[in-house]
Amino acid sequence: MSDDHDDSPIAARVRELEATLEEKGLLDAAELDRALEAFAHKATPANGFRVVARAWVDPEFKARLLDDANEALPDVGLSMGGGLQVQRLWVVENTEEVHNVIVCTLCSCYPIALLGPSPTWYKSPAYRSKVVSHPREVLAQFGVELPESTEIRVWDANAESRYMVLPRRPANTEHLTEDELATRVTRNGLIGTAVV
């Protein structure tokens, strides 16, 4: 699995640590590769779609998700585990008054387990810098036009914390099942660069 920033100082440190652990017999490279492949195979935006659909139909789950997402995820058979470190997941809710968007200004930190591999634009320096200073302009480039009265909050992910947006439930979907609602969610909606 590649994060497309293999030349970064962090990536170099990780490679150095892996080599040291292999030399000391504390790490089996083939076992690590199998674990990473298994994690990557399960990492898909459909996981995030399921989380959102459950939150839309289950107010108790939604409250737990917004309060402590890591604790709520097992209710839908998911977790933020899968690596050497468990990241803290924060789920931020879009409302009529507030629209949330996520970014990682340092590299491309992103909840892969729930959103699948990050899109190319998410890793681009243009997105990473401009969404912080001019979020309304960036959202407009994605076709998201919000009223001036809507507050836009930008959440900066990092190595310890990841973010996912809980989009507003589309109008006139009360008759849809949880599975049907999941098909309405998009990866960009989970990032905040789309309205579901």
| Under the salt bridge (Lys or Arg N to Asp or Glu O under 4.0 Å) test, which residues partner E71, sequence neighbours left out? | none

| message | If you count heavy atoms of other groups shown closer than 6.0 angstrom to CZ of R184, is the number above 12? | response | no

| request: Report yes or no: does N70 contribute a side-chain atom to a donor-acceptor pair with the main-chain N or O of L89 at less than 3.5 Å? | output: yes

| Within-4.5 Å side-chain heavy-atom neighbours: V144 and T193 | no

| How close do G189 and P167 get, heavy atom to heavy atom, and via which atoms? | O-CG, 3.6 Å

| task | Determine, for D58 against R64, whether the closest basic-nitrogen to carboxylate-oxygen distance falls under 4.0 angstrom. | result | no

| CZ on R128 to CG on D156, rounded to 0.5 Å | 10.0 Å

| request: In sequence, state the C-alpha distance, the side-chain angles, and the governing distance for T150 and E97, and then conclude on side-chain contact (heavy atoms from CB on, under 4.5 Å). | output: CA-CA 5 Å; T150 302; E97 297 81 24; over 6 Å; no

| task | To the nearest 0.5 Å, tell me how far N100 CG sits from L190 CG. | result | 12.5 Å

| said: Measuring from atom CE of M164 to atom CH2 of W155, what distance do you get when rounded to the nearest 0.5 angstrom? | reply: 14.0 Å

| query | How would you list, by chain and number, every residue that makes a side chain to side chain donor-acceptor pair (under 3.5 Å) with T173, sequence neighbours excluded? | reply | R169

| remark: Between the OH atom in Y163 and the CG atom in L115, the distance rounded to the nearest 0.5 Å is 14.5 Å

| request: Look at the side chain of T44 and the backbone N and O of N47, then say whether any donor-acceptor pair between them is shorter than 3.5 Å. | output: no

| Given the rule in the side-chain contact (heavy atoms from CB on, under 4.5 Å) test, do V165 and E93 qualify, once you have shown the distances and angles that lead to the verdict? | CA-CA 6 Å; V165 173; E93 181 182 18; over 6 Å; no

| note | In terms of heavy-atom contacts, R187 and P117 come closest through NH1-O, 3.2 Å

| field | Between NZ on residue K130 and CD on residue E137, distance to nearest 0.5 Å | value | 4.5 Å

| Point-to-point distance, once rounded to the nearest 0.5 Å, from CG of L181 to CG of L176 | 5.0 Å

| Going by heavy atoms in the side chains, are R153 and V92 under 4.5 Å from each other? | no

| query | Does atom CD of E151 have more than 12 heavy-atom neighbours, drawn from other residues, nucleotides or ligands, at distances under 6.0 Å? | reply | yes

| task | In sequence, state the C-alpha distance, the side-chain angles, and the governing distance for L114 and L73, and then conclude on side-chain contact (heavy atoms from CB on, under 4.5 Å). | result | CA-CA 10 Å; L114 299 176; L73 287 179; 4.2 Å; yes

| said: Is it the case that the side chain of E180 and the backbone of T177 share a donor-acceptor pair, with hydrogens and angles ignored and the cut-off at 3.5 Å? | reply: yes

| field | Side-chain heavy-atom pair Y127, V132 within 4.5 angstrom cut-off | value | no

| query | If you draw a 6.0 Å radius around CH2 in W90, do more than 12 non-hydrogen atoms from other residues or ligands fall strictly inside? | reply | no

| message | Check whether S161 reaches the backbone of N158 with its side chain - one donor and one acceptor, N or O, closer than 3.5 Å. | response | no

| query | Is I102 linked to V98 within one hydrophobic cluster, defined over Ile, Leu, Val, Met, Phe, Trp and Tyr using a side-chain heavy-atom separation of less than 4.5 Å? | reply | no

| query | Run the salt bridge (Lys or Arg N to Asp or Glu O under 4.0 Å) check on E60 and K62 step by step: do they pass? | reply | CA-CA 5 Å; E60 290 179 12; K62 177 182 173 181; over 6 Å; no

| task | Enumerate the residue pairs fulfilling ring pair (Phe, Tyr, Trp, His ring centres under 6.0 Å) with a member in residues 49-69, sequence neighbours excluded, ordered by first and then second residue. | result | none

| A113 and S79: which non-hydrogen atoms are nearest, and at how many Å? | CB-O, 4.1 Å

| task | Indicate the atoms forming the closest heavy-atom contact of L66 with V91, along with that distance. | result | CD2-O, 3.4 Å

| said: Show the nearest heavy-atom pair for residues C109 and A159, with the distance to one decimal. | reply: SG-N, 3.8 Å

| said: Minimum heavy-atom separation for R168 and N94, please, with both atom names. | reply: CG-O, 3.2 Å

| query | Should L139 and E145 be marked as a side-chain contact (heavy atoms from CB on, under 4.5 Å) after you check the CA-CA gap, both sets of side-chain angles, and the distance that decides it? | reply | CA-CA 7 Å; L139 290 174; E145 300 286 344; over 6 Å; no

